[in-house]
Structures are given as structure tokens and as C-alpha cells.
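Taking it in order: structure first as C-alpha cells, then the write-up.
Note on naming: letters A, B, ... go to the chains in the order of the sequence lines (proteins, then strands), and numbering restarts at 1 for each one.
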Protein chains: 2
Amino acid sequence: MVHSFDIEDDGGADEAPQGGRIRQRNKARIIAAAEKVFAERGYDGATTAEIAEIAGLAKSNVHYYFGTKEAIYREVVAGIVDLWLKAFGEITAEDDPATAISAYIRQKLLYSRKRPLASRIFATEIIRGAPILRPFLEVDLRDWVEAKAKVLALWAAQGRMDAVSPHHFFFMIWAATQTYADFASQISAVLGHKRLREADFEQAIATVTAIVLKGCGIKA
Amino acid sequence: MVHSFDIEDDGGADEAPQGGRIRQRNKARIIAAAEKVFAERGYDGATTAEIAEIAGLAKSNVHYYFGTKEAIYREVVAGIVDLWLKAFGEITAEDDPATAISAYIRQKLLYSRKRPLASRIFATEIIRGAPILRPFLEVDLRDWVEAKAKVLALWAAQGRMDAVSPHHFFFMIWAATQTYADFASQISAVLGHKRLREADFEQAIATVTAIVLKGCGIKA
DNA sequence: GTCTATACAACGATAGAC
DNA sequence: GTCTATCGTTGTATAGAC
């Protein structure tokens, strides 16, 4: 059986799943477990033993499939970046500014709600100085921001928004939305909620959207 | 000699330095080294060996002064919280909203510039689920926000600003300012600068302040 | 191809020397 | 009081069994 009809998620990597059924299944389990462990313990704090335990495999077996701990980490991070690129691409000059920016903020915040572990892994990778993601940041993300900067400059020239620094505009939106994943423990402690609820996220969306749109002079 | 005339920094803890001159000096060196290592490697990634090397002491000697790695970490974190509490307390009902919020944003961003390591340690502590800082978040920080929420509500009732959610207002400002310390590697990569410059921080202050003030309807 | 017993380095911590 | 030789444990990784 060459083709796969496996309904299981492949862990988020962009390549088509390769190898036999057992290999696919075990690699997927390892990646899923690793996302959890890396998010909770950080790169150094994560152990292949804990990843193996959650994945339901022997520790040594994890090393059979991935070789090194860093290889697991790289695949987890690659999946996260892949998700990021697919989810947040649509801000074009033809869009209505208020609609496009509102949708972007909402998407980012829903991503913080649905995939907090991914966001936390991304965050710790950046805080560590981005040893793995540096090329991505310097090339892909930089190009993305430069492209969007032109859109924002055009909108400003058309009088549809203020002429704010596009770079810092995005830094602010990224920070304000990702904080609900990365700093969830702080936010829930301050709110007095055990866990963040859907209503908290809706209020976050409303507040961030309102301040950003009005603050940039974007007409609703 | 009971009293100390030591000009060296004690590392940021709030207790008066105790013990002999050697003890003081070595503890200070360990704390300073530990701040660096914890910020760069995270709690688990940090090793007492590296802390000792940077501090110029033998590894075992570090354990003599602090006993455990966690004890070092607790003292580092305590110093950071102490700094936070001393630096960002002044937003009162008598203040002019624009002046007070502008000053707060500026202070937070200058803190990101001057003490990025402290900010990163705080960030990773929160991302880890705040195992050490949870009580601080649930009590002290929560009380602080509740007090400031009353100030913001008063300002809103007086028509001096919009009625935005005070909690999410602060989450946004914290995120937007701390990101310049925590995510400096991402920001510098996107900007194409090797390191963040003073001009970058000034532009960040200008952008964040402008968007927040206008976005909340605070008259300048 | 899949999995595990084993190796070996590095960790935090301490008992004991100075 | 100060410092270091040494220990037990746990980490990643591999050689070899199935």
C-alpha cells in the first residue's frame, strides 16, 4: 500500500507524509507530544523521555525516528511557521482597511486561543535569539512586512488611515494578540479566571480592534 | 565592620545586603551572572556551571552561597519584580490622562531598552505558567490593575477618555512595550538592523503612544 | 524496518578539606 | 567562613537485538 489514507494529522510539516504506516503514526505522535513538552518546558527543559512517555513509546525509539532532540524541535517549529504563513497572508491594497485589519487581529487572536502551545514555542524560540528561525525572520517575514508596508503607505496616501510606522504597527498587533497565548497565565491571574474563556478573547478582540482602528485613523 | 560602604550593586533584591564583604561580593556576582544565563537559556537551560564561570567562581562555590539553582532563580526573579514595582506605579486620578499614559508607555519601553534580560526572564517565567510568580500575579498585580481600572473608569466618566476595558488596555500596553525586549531578535531582523538602536525605541514610543492615546480618545 | 539495552557525558548537589 | 573533590542521577545518543 503506497498511498496513505491515514486520517491522522501529520503534525503540521509541509512535506507529504512518507514512509510506512507505523512510521507515519509514530512520527506524528512524537511531534504532537513534543509540541506539548517544548511549550511547557522550553527547549532545554524538554526531555526526550517525557516526549516518549506522552507519545507512548520507549525513549530510545524516539531517537530512532528523529535522531536528535534538535531534529524534533526543528520539525515542530517548521510546522508552526507553516501554519503562520498559511493563516495570516491576506492584507492587500484592494481591501477595505477596517475590514482587513479587523480580520487580521481577529485571526491572530483566535490563533492564540486555538494554538497557544504553538505560539509559546514560537515565543521562546524568539526570546532565545531565534537560533532556528533567524533565516525565516530575516527573509520571509521581513519581505512580508515590507509588502504590507507598501499597502499601509498607499492607504495613508489615500487618506484612509494615518501615516503610522508600518513596522511598529505590526509589532504592536503581533504583541497585543500573541500575549493572550504566551502570557495567558498572567492574564488569567489578573482577571481572576482559572482559564481564559471565550468571552475573554471576544473582549480582547473588541478592545484591541477598537484601539488600533481608531488609533490609526481607520474609518469603520 | 558592621555597616557596609560597598559601592557595588547588590543585584536588585530588596533586603539590605548581609554577611561579610566576600559573601556580598560573590552573591552579587552570582546574581548578575545568573540574570544573564537565565535570560539567554531559560530556567532549565541555565546551568550552575555557566553561572559560576561568568561569575568567576567554581561551580561548587555557587552552591555554597545559594544551595540550589532554584534559590538563585528565585532571587533573580524577586529582584526583577522589585524593579517593576518601583518603576511603574504612578497613574493616579489627579494626573492628566495623556501625560500619565504617555509617561507610562515611555517608562515601560525604556525599561525594555535598559533591562532586556530582566524582561526576558519575566517573560519566560510567565510562559512557563508562572510557577514562582503566580502569587504575585494573583494578588499584587491584580490589585494594581484593579486600582488603575478605577482611575480609568473615572477618566471615562469625566469624558476624558473612551470607556475601554481597563484590563485589556493594560495587557495591550504591556505586550506592546515588552515585545521590544522579549522579541528584540525578531524586531531587529524585520527592521534589518543588527541590534535595536535608540532611534528604533524612539519610533516605537512615538507609534505606541500615538495609537494608544488616539485609540482611547485621550486628548493630548 | 522497528525497537531496546547500554554507553557516556553533564547535571545539580554535598561531604569534607582548608 | 570559604572553597573544592566527589557523588548519584539523569540527560542525549548509539550499538546492537529482534
(request) Go through A/Y180 and B/H168 one step at a time and tell me if the ring pair (Phe, Tyr, Trp, His ring centres under 6.0 Å) criterion holds. (result) CA-CA 10 Å; A/Y180 287 89; B/H168 295 281; 5.6 Å; yes
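Partners of A/V62 by side chain to side chain contact (heavy atoms under 4.5 Å, CB included), not counting sequence neighbours, listed by chain and number: A/I30, A/A52, A/I72. Listed by chain and residue number, B/W84, B/F88, B/Y104, B/W174, B/T177, B/Q178 satisfy the side chain to side chain contact (heavy atoms under 4.5 Å, CB included) test with B/K108 (two or more places apart in sequence, or in another chain). Contacts of B/F169 classified as ring pair (Phe, Tyr, Trp, His ring centres under 6.0 Å), with partners at least two apart in sequence or in another chain: none.
Taking atom CD1 on B/I30 and atom P on D/dT2, their separation rounds to 11 Å, with Å as the unit. Nucleotide C/dA10 holds its P atom 14 Å from the CD atom of B/E50, rounded to whole Å. Whole-Å rounding puts the B/I51 CD1 to C/dC11 P distance at 11 Å. Put simply, CD1 on B/I22 is 14 Å from C1' on C/dC18, counting in whole angstrom units. Protein atom NZ of A/K27 is 14 Å distant from nucleotide atom P of C/dC3, rounded to whole Å. The CZ atom of B/R41 sits 10 Å away from the P atom of C/dC11 (whole-angstrom rounding). If you measure from atom CZ of B/F66 to atom P of D/dC3, you get 14 Å, rounded to the nearest angstrom.
Between A/K36 and A/E50 there is no salt bridge, since no side-chain nitrogen of the basic residue lies less than 4.0 Å from a carboxylate oxygen of the acidic one.
Regarding contacts with the backbone of D/dG1, every side-chain N or O of B/R23 stays at 4.0 angstrom or more from both OP1 and OP2. Taking only side-chain nitrogens and oxygens, B/Y65 never comes nearer than 4.0 Å to OP1 or OP2 of D/dG1. Contact annotation: A/N26 reaches the phosphate of C/dC3 (side-chain N/O to OP1 or OP2, under 4.0 Å).
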(request) Produce a footprint string for nucleotides 10-16 of chain D: one letter per nucleotide, 5' end first; B if the base is under 4.0 Å from any protein heavy atom, S if only the sugar-phosphate is, - if neither. (result) -SBBB--
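Residue B/L57 is out of contact with every strand shown, counting any heavy-atom pair closer than 4.0 Å.
Applying the salt bridge (charged side-chain N to carboxylate O under 4.0 Å, His left out) definition to pairs two or more places apart or across chains, those involving residues 52-71 of chain A are A/E70-A/R74. The stretch residues 127-147 of chain A participates, sequence neighbours left out, in these salt bridge (charged side-chain N to carboxylate O under 4.0 Å, His left out) pairs: A/D44-A/R128.
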